[in-house]
Amino acid sequence: MTMTHKMQRIVTQPRVIVALDFSNETALWSLVEKLNPADCRLKIGKELFTSQGPDLVRRLTQRGFDVFLDLKFHDIPNTVAKAVSAAADLGVWMVNVHASGGAKMLDAARAALSAADGPLLIAVTVLTSLQQSDLTTVGVNDSVEQQVQRLTRLAANAGFDGVVCSAHEAASVKQLTNTDFLTITPGVRPQGAAVQDQQRIMTPREALRNQADYLVIGRPITQADNPVSELLTINSDINEYLAQR
Ligand code: C5P
């Protein structure tokens, strides 16, 4: 059955998206070969895509993985439209662009993927690395929170499927939009895991309770002694929480 765009917005298992932040192909494949597409989805970012190219995406999708192509496109509308179409041709499950590219750019991206079976189209609002003072230097005088809300509305109005946001913001994103507007949340750490450079973390359960739909988790899985067992532990915690909800 062809999955329609609308149907894709229904949140399905697996909820974990493993961030494949590897610089080295051997390490990447040694992990991927152990993973089962039924247990996780995979995120490919700029580093890996720049070094390995579309062929990596094809190889992962051929293995049955849903791929989130996290390239955060931001350019003139025509170029972004072409870029998201190219991502769709690669068979990715989810692709993203910067909401700050403006309404015309968002509309062009949406129109390029309006076919019923396109990838989920997600917006990045304000990068978590940016603080108030950084916004001021680029001429944005509103608070980070106001800017996140403005860009969330812009993306929702353009018919986007969701946003990348902190799990702390997920509930307010749902309130501003619709419950089927997806929240994709990084900064998730299983109980007791190393925080690394993340600032305001939540456990998988806390994130789900706060209305996160998909959890982007990198190093707690990729750097674990036994990544598969770490992933399965997270999944059983998620399943236990969802079953009792
Ligand atoms: O290893 P870790 O779980 O911190 O990886 C999180 C992933 O989510 C990384 O790929 C990171 O670039 C991404 N990300 C993030 N915070 C954001 C947006 C994306 O950590 N605000």
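Computation of the quantities below employed the complete heavy-atom set of this structure, encompassing side-chain atoms and omitting hydrogens, waters and symmetry-equivalent molecules. Just so we're clear, the structure is a prediction, and the values are computed from it rather than from any experiment. Atoms within a ligand are numbered from 1 in the order they appear, just like the ligands themselves.
- Sorted by chain and number, the heavy-atom contacts of ligand 1 below 4.0 Å come from A19, D21, K43, T128, P186, R189, Q198, V216, I217, G218, R219, P220.
- Every pair passing side-chain hydrogen bond (donor to acceptor under 3.5 Å, both in side chains) that includes a residue from residues 48-67 is listed here, sequence neighbours excluded: R41-D66.
- For residues 209-223, the set of pairs meeting the salt bridge (charged side-chain N to carboxylate O under 4.0 Å, His left out) definition, not counting sequence neighbours, comprises K174-D213, D197-R219.
- A donor-acceptor pair shorter than 3.5 Å cannot be found between the side chains of E169 and N210.
- In the displayed structure, K82 atom NZ is contacted under 6.0 Å by at most 12 heavy atoms of other residues, nucleotides or ligands.
- Closest heavy-atom contact between K46 and K72: NZ-CB, 3.7 Å.
- Listed by first and then second residue, the salt bridge (charged side-chain N to carboxylate O under 4.0 Å, His left out) pairs involving residues 128-144 are D142-R150 (not counting sequence neighbours).
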